[in-house]
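To start, the structure under review is shown below, and the notes come after it.
In this chain, numbering begins with 1 at the start of the sequence shown. Start at 1 and go down the list; that is how both ligands and their atoms are numbered.
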Amino acid sequence: MNQSPITRALFDDVMTPNYAPAAIVPVCGEGSRLWDQEGRDYIDFAGGIAVTVLGHAHPKLVAALTEQGQKLWHVSNVLVNEPALKLARRLCELTFAERVFFANSGAEANEAALKLARKYATDHGGPDKREIIAFTPSFHGRTLFTVTVGGQAKYTEGFEPLPPGITHVPFNDLPALAAVISDRTCAVIVEPVLGESGVVSATQEFLEGVRALCDQHRALLIFDEVQTGNGRTGHLYAYMGYGVTPDILTTAKGLGGGFPISAMLTTSTIAASLTVGSHGTTYGGNPLACAVAGAALELLADPALLAGVRHKHERFLAGLHRINQRFKVFRELRGKGLLLGCELTEAWHGRSRDFIKAALEEGLLVLVAGPDVVRLAPSLIIPDELIEAGLQRFEQAIARLVSETAPVNQEVVDAR
Ligand SMILES: *Cc1c(COP(=O)(O)O)cnc(C)c1O
(Lines give C-alpha, C1' and ligand atoms only; values in the text may rest on other atoms or scores of the structure.)
Protein backbone atom coordinates (compact mmCIF):
# COMPACT_ATOMS: atom_id res chain seq x y z
CA MET A 1 0.00 0.00 0.00
CA ASN A 2 1.25 3.48 -0.87
CA GLN A 3 2.42 5.22 2.32
CA SER A 4 3.31 8.63 0.86
CA PRO A 5 1.86 11.58 2.83
CA ILE A 6 -1.73 12.75 2.32
CA THR A 7 -1.50 16.25 0.87
CA ARG A 8 -3.54 18.64 -1.24
CA ALA A 9 -1.45 17.54 -4.25
CA LEU A 10 -2.92 14.05 -3.98
CA PHE A 11 -6.30 15.49 -4.95
CA ASP A 12 -5.08 16.01 -8.50
CA ASP A 13 -3.88 12.40 -8.72
CA VAL A 14 -6.82 10.48 -7.30
CA MET A 15 -10.00 12.59 -7.48
CA THR A 16 -12.14 13.66 -10.42
CA PRO A 17 -11.23 17.23 -11.38
CA ASN A 18 -14.68 18.83 -10.97
CA TYR A 19 -13.62 20.84 -7.89
CA ALA A 20 -10.84 23.33 -7.28
CA PRO A 21 -10.25 22.99 -3.52
CA ALA A 22 -8.08 25.47 -1.64
CA ALA A 23 -4.43 24.76 -0.91
CA ILE A 24 -4.89 23.71 2.74
CA VAL A 25 -6.09 20.42 4.24
CA PRO A 26 -8.15 20.98 7.40
CA VAL A 27 -7.85 18.18 9.93
CA CYS A 28 -9.97 19.25 12.88
CA GLY A 29 -12.44 21.85 13.99
CA GLU A 30 -14.09 23.20 17.09
CA GLY A 31 -16.89 25.73 17.06
CA SER A 32 -16.04 28.32 14.43
CA ARG A 33 -12.37 27.43 14.20
CA LEU A 34 -10.52 24.95 12.00
CA TRP A 35 -6.91 23.74 12.00
CA ASP A 36 -4.96 22.48 9.01
CA GLN A 37 -2.26 19.81 8.72
CA GLU A 38 0.38 22.35 9.75
CA GLY A 39 -1.56 23.37 12.87
CA ARG A 40 -2.46 26.77 11.40
CA ASP A 41 -5.84 28.06 12.60
CA TYR A 42 -8.68 29.46 10.54
CA ILE A 43 -11.81 31.34 11.56
CA ASP A 44 -14.77 29.83 9.73
CA PHE A 45 -17.17 32.28 8.07
CA ALA A 46 -17.99 29.65 5.41
CA GLY A 47 -19.61 26.97 7.55
CA GLY A 48 -18.96 24.26 4.98
CA ILE A 49 -21.25 26.19 2.58
CA ALA A 50 -24.00 27.09 5.05
CA VAL A 51 -24.00 23.60 6.59
CA THR A 52 -22.28 23.62 9.99
CA VAL A 53 -25.00 25.73 11.63
CA LEU A 54 -23.78 24.77 15.11
CA GLY A 55 -20.08 24.97 14.33
CA HIS A 56 -17.68 22.05 14.29
CA ALA A 57 -17.81 19.19 16.80
CA HIS A 58 -20.70 20.60 18.81
CA PRO A 59 -20.78 18.47 22.00
CA LYS A 60 -24.52 17.73 21.71
CA LEU A 61 -24.18 16.59 18.08
CA VAL A 62 -21.10 14.51 18.88
CA ALA A 63 -23.04 12.91 21.75
CA ALA A 64 -26.04 12.16 19.51
CA LEU A 65 -23.78 10.69 16.83
CA THR A 66 -21.71 8.50 19.15
CA GLU A 67 -24.72 7.33 21.15
CA GLN A 68 -26.64 6.33 18.03
CA GLY A 69 -23.43 5.01 16.48
CA GLN A 70 -23.20 2.38 19.18
CA LYS A 71 -26.82 1.29 18.75
CA LEU A 72 -27.99 1.17 15.13
CA TRP A 73 -26.62 2.70 11.94
CA HIS A 74 -28.84 1.56 9.15
CA VAL A 75 -31.92 -0.55 8.54
CA SER A 76 -33.22 0.77 5.14
CA ASN A 77 -36.83 1.64 4.48
CA VAL A 78 -38.20 -1.84 4.85
CA LEU A 79 -38.16 -1.00 8.57
CA VAL A 80 -38.91 2.19 10.47
CA ASN A 81 -36.50 3.54 13.07
CA GLU A 82 -36.93 5.65 16.17
CA PRO A 83 -34.69 8.64 15.29
CA ALA A 84 -36.41 9.13 11.92
CA LEU A 85 -39.92 8.99 13.36
CA LYS A 86 -38.96 11.34 16.17
CA LEU A 87 -37.37 13.84 13.78
CA ALA A 88 -40.34 13.74 11.38
CA ARG A 89 -42.77 14.31 14.24
CA ARG A 90 -40.73 17.29 15.45
CA LEU A 91 -40.53 18.82 11.96
CA CYS A 92 -44.33 18.51 11.70
CA GLU A 93 -44.74 20.20 15.10
CA LEU A 94 -42.45 23.06 14.18
CA THR A 95 -43.64 23.80 10.62
CA PHE A 96 -46.67 23.73 8.32
CA ALA A 97 -45.79 20.15 7.38
CA GLU A 98 -47.95 17.10 8.02
CA ARG A 99 -45.73 14.60 6.19
CA VAL A 100 -41.96 14.25 5.80
CA PHE A 101 -39.79 12.43 3.28
CA PHE A 102 -36.11 12.05 4.15
CA ALA A 103 -33.26 11.96 1.66
CA ASN A 104 -29.53 12.66 1.80
CA SER A 105 -28.85 15.89 -0.09
CA GLY A 106 -30.52 19.06 -1.23
CA ALA A 107 -30.69 17.88 -4.82
CA GLU A 108 -32.46 14.70 -3.78
CA ALA A 109 -35.00 16.59 -1.67
CA ASN A 110 -35.72 18.85 -4.65
CA GLU A 111 -35.87 15.88 -7.00
CA ALA A 112 -38.49 14.38 -4.67
CA ALA A 113 -40.42 17.67 -4.51
CA LEU A 114 -40.47 18.09 -8.29
CA LYS A 115 -41.45 14.47 -8.88
CA LEU A 116 -44.18 14.77 -6.27
CA ALA A 117 -45.53 17.91 -7.97
CA ARG A 118 -45.76 16.04 -11.29
CA LYS A 119 -47.36 13.03 -9.62
CA TYR A 120 -49.87 15.16 -7.73
CA ALA A 121 -50.75 16.92 -10.99
CA THR A 122 -51.22 13.55 -12.65
CA ASP A 123 -53.64 12.58 -9.89
CA HIS A 124 -55.55 15.86 -9.74
CA GLY A 125 -54.95 17.93 -12.88
CA GLY A 126 -54.60 15.47 -15.73
CA PRO A 127 -51.90 14.75 -18.28
CA ASP A 128 -51.52 18.34 -19.52
CA LYS A 129 -50.56 19.75 -16.13
CA ARG A 130 -46.81 19.14 -16.45
CA GLU A 131 -45.06 22.48 -16.54
CA ILE A 132 -42.61 23.49 -13.82
CA ILE A 133 -41.69 27.16 -13.52
CA ALA A 134 -38.40 28.20 -11.96
CA PHE A 135 -36.51 31.48 -11.72
CA THR A 136 -33.25 32.76 -13.11
CA PRO A 137 -30.82 32.86 -11.61
CA SER A 138 -31.39 30.04 -9.15
CA PHE A 139 -29.79 26.85 -7.92
CA HIS A 140 -31.58 23.65 -6.98
CA GLY A 141 -28.90 20.94 -7.13
CA ARG A 142 -26.91 18.86 -9.60
CA THR A 143 -29.12 15.95 -10.66
CA LEU A 144 -30.14 16.28 -14.29
CA PHE A 145 -33.67 17.33 -13.32
CA THR A 146 -32.63 19.87 -10.67
CA VAL A 147 -29.82 21.29 -12.75
CA THR A 148 -32.29 21.82 -15.60
CA VAL A 149 -34.74 23.49 -13.22
CA GLY A 150 -31.87 25.70 -12.01
CA GLY A 151 -31.56 26.87 -15.59
CA GLN A 152 -27.90 27.95 -15.55
CA ALA A 153 -26.18 27.06 -18.81
CA LYS A 154 -22.81 26.61 -17.07
CA TYR A 155 -24.27 23.65 -15.16
CA THR A 156 -26.27 22.04 -18.00
CA GLU A 157 -23.99 22.48 -21.03
CA GLY A 158 -22.70 19.17 -22.30
CA PHE A 159 -25.25 17.13 -20.36
CA GLU A 160 -28.05 17.32 -22.93
CA PRO A 161 -30.67 16.11 -23.66
CA LEU A 162 -32.31 17.80 -20.69
CA PRO A 163 -35.72 16.91 -19.24
CA PRO A 164 -38.50 18.94 -20.86
CA GLY A 165 -41.45 20.85 -19.38
CA ILE A 166 -39.48 23.50 -17.50
CA THR A 167 -39.95 27.26 -17.98
CA HIS A 168 -37.74 30.02 -16.59
CA VAL A 169 -38.63 33.59 -15.68
CA PRO A 170 -36.55 36.27 -13.92
CA PHE A 171 -36.41 36.17 -10.11
CA ASN A 172 -38.39 38.87 -8.27
CA ASP A 173 -40.32 39.63 -11.48
CA LEU A 174 -43.98 38.99 -10.75
CA PRO A 175 -45.36 40.25 -14.10
CA ALA A 176 -43.01 37.83 -15.89
CA LEU A 177 -44.42 34.94 -13.86
CA ALA A 178 -47.99 36.12 -14.39
CA ALA A 179 -47.34 36.14 -18.14
CA VAL A 180 -46.34 32.47 -18.34
CA ILE A 181 -48.15 30.67 -15.50
CA SER A 182 -51.28 28.81 -16.60
CA ASP A 183 -53.47 25.87 -15.70
CA ARG A 184 -50.80 23.69 -17.34
CA THR A 185 -48.36 24.71 -14.60
CA CYS A 186 -48.01 22.00 -11.95
CA ALA A 187 -45.45 23.73 -9.73
CA VAL A 188 -43.41 26.86 -9.14
CA ILE A 189 -40.11 26.43 -7.31
CA VAL A 190 -38.32 29.33 -5.64
CA GLU A 191 -35.51 30.05 -3.20
CA PRO A 192 -36.74 32.67 -0.66
CA VAL A 193 -33.19 34.04 -0.69
CA LEU A 194 -30.95 33.15 -3.63
CA GLY A 195 -27.99 31.35 -2.09
CA GLU A 196 -25.50 30.32 -4.76
CA SER A 197 -26.79 32.99 -7.12
CA GLY A 198 -25.63 36.08 -5.27
CA VAL A 199 -27.52 36.25 -1.93
CA VAL A 200 -30.56 38.13 -3.20
CA SER A 201 -33.72 38.13 -1.08
CA ALA A 202 -37.13 37.67 -2.63
CA THR A 203 -39.24 40.75 -2.03
CA GLN A 204 -42.28 40.38 0.20
CA GLU A 205 -44.62 41.33 -2.68
CA PHE A 206 -42.95 38.83 -4.97
CA LEU A 207 -43.41 35.82 -2.67
CA GLU A 208 -46.97 36.86 -1.83
CA GLY A 209 -47.70 37.29 -5.52
CA VAL A 210 -46.18 33.91 -6.40
CA ARG A 211 -48.37 32.30 -3.74
CA ALA A 212 -51.50 33.99 -5.13
CA LEU A 213 -50.71 33.00 -8.74
CA CYS A 214 -50.07 29.40 -7.69
CA ASP A 215 -53.43 29.30 -5.91
CA GLN A 216 -55.17 30.83 -8.91
CA HIS A 217 -53.79 28.14 -11.25
CA ARG A 218 -53.78 25.26 -8.75
CA ALA A 219 -50.02 24.95 -9.05
CA LEU A 220 -47.99 23.76 -6.07
CA LEU A 221 -45.58 26.24 -4.55
CA ILE A 222 -42.22 24.70 -3.66
CA PHE A 223 -39.83 26.63 -1.44
CA ASP A 224 -36.26 25.44 -1.83
CA GLU A 225 -35.00 26.16 1.67
CA VAL A 226 -31.94 23.97 1.34
CA GLN A 227 -29.77 26.99 2.14
CA THR A 228 -32.23 29.34 3.90
CA GLY A 229 -33.62 26.75 6.31
CA ASN A 230 -32.66 25.65 9.80
CA GLY A 231 -32.28 29.06 11.35
CA ARG A 232 -30.01 30.55 8.69
CA THR A 233 -32.16 33.67 8.15
CA GLY A 234 -32.99 34.18 11.82
CA HIS A 235 -36.23 32.22 11.47
CA LEU A 236 -36.38 28.44 11.71
CA TYR A 237 -37.40 28.49 8.04
CA ALA A 238 -37.35 31.60 5.87
CA TYR A 239 -41.04 31.17 4.92
CA MET A 240 -41.91 31.99 8.53
CA GLY A 241 -40.21 35.37 8.25
CA TYR A 242 -42.16 36.13 5.08
CA GLY A 243 -45.43 34.75 6.38
CA VAL A 244 -45.92 32.96 3.05
CA THR A 245 -46.46 29.21 3.37
CA PRO A 246 -45.44 26.83 0.56
CA ASP A 247 -47.09 23.53 -0.33
CA ILE A 248 -43.77 21.73 -0.34
CA LEU A 249 -40.55 22.77 1.39
CA THR A 250 -37.14 21.23 0.92
CA THR A 251 -34.37 21.47 3.49
CA ALA A 252 -30.86 20.03 3.68
CA LYS A 253 -27.53 21.81 4.32
CA GLY A 254 -27.94 22.88 7.98
CA LEU A 255 -30.44 20.17 8.88
CA GLY A 256 -27.81 17.69 10.06
CA GLY A 257 -25.28 20.35 11.10
CA GLY A 258 -22.74 18.62 8.86
CA PHE A 259 -24.10 15.09 8.75
CA PRO A 260 -25.67 14.45 5.31
CA ILE A 261 -29.46 14.50 5.50
CA SER A 262 -32.27 16.31 3.70
CA ALA A 263 -36.02 16.42 3.99
CA MET A 264 -39.04 17.28 1.92
CA LEU A 265 -41.94 18.63 3.94
CA THR A 266 -45.52 18.76 2.70
CA THR A 267 -49.17 18.36 3.61
CA SER A 268 -50.94 15.02 3.98
CA THR A 269 -53.18 15.75 0.97
CA ILE A 270 -50.24 16.31 -1.36
CA ALA A 271 -48.17 13.54 0.20
CA ALA A 272 -50.93 11.07 -0.62
CA SER A 273 -49.71 11.04 -4.22
CA LEU A 274 -46.49 9.34 -3.10
CA THR A 275 -48.07 5.91 -3.04
CA VAL A 276 -46.14 2.81 -1.95
CA GLY A 277 -43.23 2.20 -4.29
CA SER A 278 -43.62 5.47 -6.23
CA HIS A 279 -40.41 7.01 -4.87
CA GLY A 280 -37.61 6.10 -2.49
CA THR A 281 -33.99 6.12 -1.40
CA THR A 282 -31.91 3.51 0.43
CA TYR A 283 -30.27 5.86 2.92
CA GLY A 284 -33.05 8.41 3.42
CA GLY A 285 -34.16 8.46 7.06
CA ASN A 286 -30.98 6.69 8.18
CA PRO A 287 -30.94 6.45 12.02
CA LEU A 288 -27.48 8.02 12.39
CA ALA A 289 -28.37 11.04 10.26
CA CYS A 290 -31.75 11.46 11.94
CA ALA A 291 -30.31 11.21 15.45
CA VAL A 292 -27.83 14.01 14.68
CA ALA A 293 -30.46 16.14 12.92
CA GLY A 294 -32.85 15.61 15.83
CA ALA A 295 -30.26 16.95 18.25
CA ALA A 296 -29.48 19.87 15.91
CA LEU A 297 -33.16 20.77 15.45
CA GLU A 298 -33.72 20.97 19.21
CA LEU A 299 -30.98 23.60 19.44
CA LEU A 300 -32.03 25.45 16.28
CA ALA A 301 -35.67 25.77 17.30
CA ASP A 302 -34.69 27.75 20.40
CA PRO A 303 -36.04 31.31 20.04
CA ALA A 304 -32.94 32.63 21.83
CA LEU A 305 -30.68 31.07 19.19
CA LEU A 306 -32.79 32.57 16.40
CA ALA A 307 -32.74 36.00 18.06
CA GLY A 308 -28.97 35.59 18.33
CA VAL A 309 -28.77 35.08 14.56
CA ARG A 310 -30.52 38.38 13.95
CA HIS A 311 -28.25 40.11 16.47
CA LYS A 312 -25.12 38.65 14.84
CA HIS A 313 -26.45 39.79 11.46
CA GLU A 314 -26.30 43.39 12.70
CA ARG A 315 -22.81 42.88 14.11
CA PHE A 316 -21.54 41.49 10.80
CA LEU A 317 -23.15 44.28 8.79
CA ALA A 318 -21.70 46.97 11.05
CA GLY A 319 -18.23 45.45 10.73
CA LEU A 320 -18.50 45.03 6.97
CA HIS A 321 -19.66 48.62 6.55
CA ARG A 322 -16.67 49.76 8.60
CA ILE A 323 -14.31 47.79 6.34
CA ASN A 324 -16.01 49.18 3.28
CA GLN A 325 -15.68 52.76 4.46
CA ARG A 326 -11.94 52.23 4.32
CA PHE A 327 -11.63 50.30 1.04
CA LYS A 328 -14.83 50.90 -0.95
CA VAL A 329 -14.72 47.44 -2.52
CA PHE A 330 -18.37 46.57 -1.88
CA ARG A 331 -21.24 47.98 -3.89
CA GLU A 332 -23.88 46.47 -1.60
CA LEU A 333 -23.99 44.50 1.65
CA ARG A 334 -27.10 42.36 1.90
CA GLY A 335 -28.70 39.13 3.03
CA LYS A 336 -30.79 37.81 5.88
CA GLY A 337 -29.62 36.47 9.22
CA LEU A 338 -26.27 34.80 8.77
CA LEU A 339 -26.50 34.44 5.00
CA LEU A 340 -24.63 37.55 3.94
CA GLY A 341 -23.60 38.78 0.52
CA CYS A 342 -20.97 41.43 -0.21
CA GLU A 343 -21.40 42.48 -3.82
CA LEU A 344 -18.16 43.84 -5.23
CA THR A 345 -17.96 47.20 -6.95
CA GLU A 346 -17.77 47.27 -10.74
CA ALA A 347 -13.98 47.56 -10.65
CA TRP A 348 -13.75 44.28 -8.75
CA HIS A 349 -16.40 42.38 -10.68
CA GLY A 350 -15.40 38.86 -11.58
CA ARG A 351 -12.85 38.71 -8.78
CA SER A 352 -14.74 37.23 -5.80
CA ARG A 353 -12.37 34.23 -5.81
CA ASP A 354 -9.42 36.55 -5.18
CA PHE A 355 -11.15 37.56 -1.92
CA ILE A 356 -11.46 33.91 -0.84
CA LYS A 357 -7.80 33.36 -1.55
CA ALA A 358 -6.66 36.50 0.25
CA ALA A 359 -8.87 35.67 3.24
CA LEU A 360 -7.49 32.14 3.42
CA GLU A 361 -3.96 33.53 3.55
CA GLU A 362 -5.03 35.60 6.57
CA GLY A 363 -6.58 32.55 8.25
CA LEU A 364 -10.22 33.16 7.35
CA LEU A 365 -12.66 31.02 5.38
CA VAL A 366 -15.26 32.82 3.27
CA LEU A 367 -17.35 31.79 0.23
CA VAL A 368 -18.36 33.23 -3.07
CA ALA A 369 -21.85 33.42 -4.56
CA GLY A 370 -20.95 33.87 -8.19
CA PRO A 371 -18.06 35.91 -9.59
CA ASP A 372 -19.18 39.25 -8.10
CA VAL A 373 -20.29 38.39 -4.57
CA VAL A 374 -18.39 37.30 -1.48
CA ARG A 375 -20.70 35.22 0.71
CA LEU A 376 -20.55 34.61 4.46
CA ALA A 377 -22.48 31.74 6.03
CA PRO A 378 -20.92 31.12 9.43
CA SER A 379 -22.15 29.01 12.32
CA LEU A 380 -25.34 30.45 13.80
CA ILE A 381 -23.73 30.41 17.25
CA ILE A 382 -20.40 31.96 16.33
CA PRO A 383 -19.26 33.95 19.38
CA ASP A 384 -19.15 37.73 18.98
CA GLU A 385 -15.38 37.75 19.71
CA LEU A 386 -14.77 35.45 16.75
CA ILE A 387 -16.95 37.61 14.51
CA GLU A 388 -14.71 40.56 15.39
CA ALA A 389 -11.50 38.56 15.04
CA GLY A 390 -12.65 37.17 11.69
CA LEU A 391 -13.66 40.60 10.42
CA GLN A 392 -10.20 41.86 11.39
CA ARG A 393 -8.63 39.12 9.28
CA PHE A 394 -11.02 40.00 6.46
CA GLU A 395 -9.95 43.62 6.68
CA GLN A 396 -6.27 42.64 6.52
CA ALA A 397 -6.96 40.41 3.54
CA ILE A 398 -8.74 43.20 1.69
CA ALA A 399 -6.01 45.69 2.60
CA ARG A 400 -3.44 43.37 1.04
CA LEU A 401 -5.59 42.65 -2.00
CA VAL A 402 -6.16 46.35 -2.61
CA SER A 403 -2.47 47.23 -2.25
CA GLU A 404 -1.08 44.23 -4.17
CA THR A 405 -3.48 43.98 -7.02
CA ALA A 406 -5.07 47.33 -7.64
CA PRO A 407 -8.08 46.79 -9.86
CA VAL A 408 -7.73 47.33 -13.57
CA ASN A 409 -8.25 51.02 -14.32
CA GLN A 410 -11.72 51.11 -15.81
CA GLU A 411 -10.96 54.16 -17.96
CA VAL A 412 -8.07 52.35 -19.58
CA VAL A 413 -10.29 49.33 -20.29
CA ASP A 414 -13.03 51.53 -21.74
CA ALA A 415 -10.51 53.33 -23.94
CA ARG A 416 -9.35 50.11 -25.60
C1 LIG B 1 -26.87 23.62 -1.94
C2 LIG B 1 -28.22 23.78 -2.53
C3 LIG B 1 -28.86 22.73 -3.21
C4 LIG B 1 -28.18 21.42 -3.48
O5 LIG B 1 -27.90 20.71 -2.31
P6 LIG B 1 -26.90 19.45 -2.38
O7 LIG B 1 -26.91 18.92 -0.99
O8 LIG B 1 -25.59 19.96 -2.85
O9 LIG B 1 -27.49 18.49 -3.36
C10 LIG B 1 -30.15 22.95 -3.66
N11 LIG B 1 -30.77 24.12 -3.46
C12 LIG B 1 -30.20 25.15 -2.82
C13 LIG B 1 -30.96 26.40 -2.61
C14 LIG B 1 -28.90 25.02 -2.34
O15 LIG B 1 -28.31 26.06 -1.73
Examine distances only and state if a side-chain atom of E131 and a backbone atom of T167 form a donor-acceptor pair shorter than 3.5 Å.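 Pair absent, no side-chain N/O of E131 close to backbone of T167.
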
Donor-acceptor check, side chain of N286 to backbone of W73, threshold 3.5 angstrom: yes or no?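 A pair under 3.5 Å: yes.
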
With respect to I43, which candidate in L386, L391, V366 satisfies the side-chain contact (heavy atoms from CB on, under 4.5 Å) definition?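 Of L386, L391, V366, side-chain contact (heavy atoms from CB on, under 4.5 Å) with I43 is met by L386 alone.
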
Please examine the side chains of F327 and E395, heavy atoms only from C-beta on, and report whether any two atoms are closer than 4.5 Å.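 Yes, close enough: below the 4.5 Å cut-off.
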
Is there a protein heavy atom at a distance of less than 4.0 Å from atom 8 (O) of ligand 1?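 So atom 8 (O) of ligand 1 lacks protein heavy-atom neighbours under 4.0 Å.
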
For [X], atoms of ligand 1 separated by under 4.0 Å from a heavy atom:
X    : answer
G141 : 4 (C), 10 (C)
S105 : 7 (O), 9 (O)
N110 : 10 (C), 11 (N)
H140 : 10 (C), 11 (N)

Nitrogen or oxygen of V226 less than 3.5 angstrom from that of ligand 1: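 By distance alone, the answer is no.
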
Does any N or O atom in A107 lie less than 3.5 angstrom from one in ligand 1, N or O only?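 In this structure, A107 places an N or O atom under 3.5 Å from an N or O of ligand 1.
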
Residues [X], [Y]: salt bridge by 4.0 Å N-O rule:
X    : Y    : answer
D384 : K312 : yes
R33  : E30  : no
K357 : E361 : yes

If we set the cut-off at 4.0 Å for heavy atoms, which region of T228 has an atom near ligand 1: side chain, backbone, both, or neither?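 For T228, no heavy atom sits under 4.0 Å from ligand 1.
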
How far is atom 5 (O) of ligand 1 from the closest protein heavy atom, and which atom is that?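 So the nearest neighbour among protein heavy atoms is G106 CA, 3.3 Å.
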
Quick one: nearest non-hydrogen protein atom to atom 11 (N) of ligand 1, plus distance?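 Here the closest protein heavy atom is D224 OD2, 2.7 Å.
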
Please verify the inter-ring angle class for F394 with F330; under 30° counts as parallel, over 60° as perpendicular, anything in between as tilted.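 Because their plane-to-plane angle is under 30°, the rings of F394 and F330 count as parallel.
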
On a heavy-atom basis, I'd like to know which of E191, E196, K253, E225 is closest to atom 14 (C) of ligand 1.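 It is K253 that holds the nearest heavy atom.
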
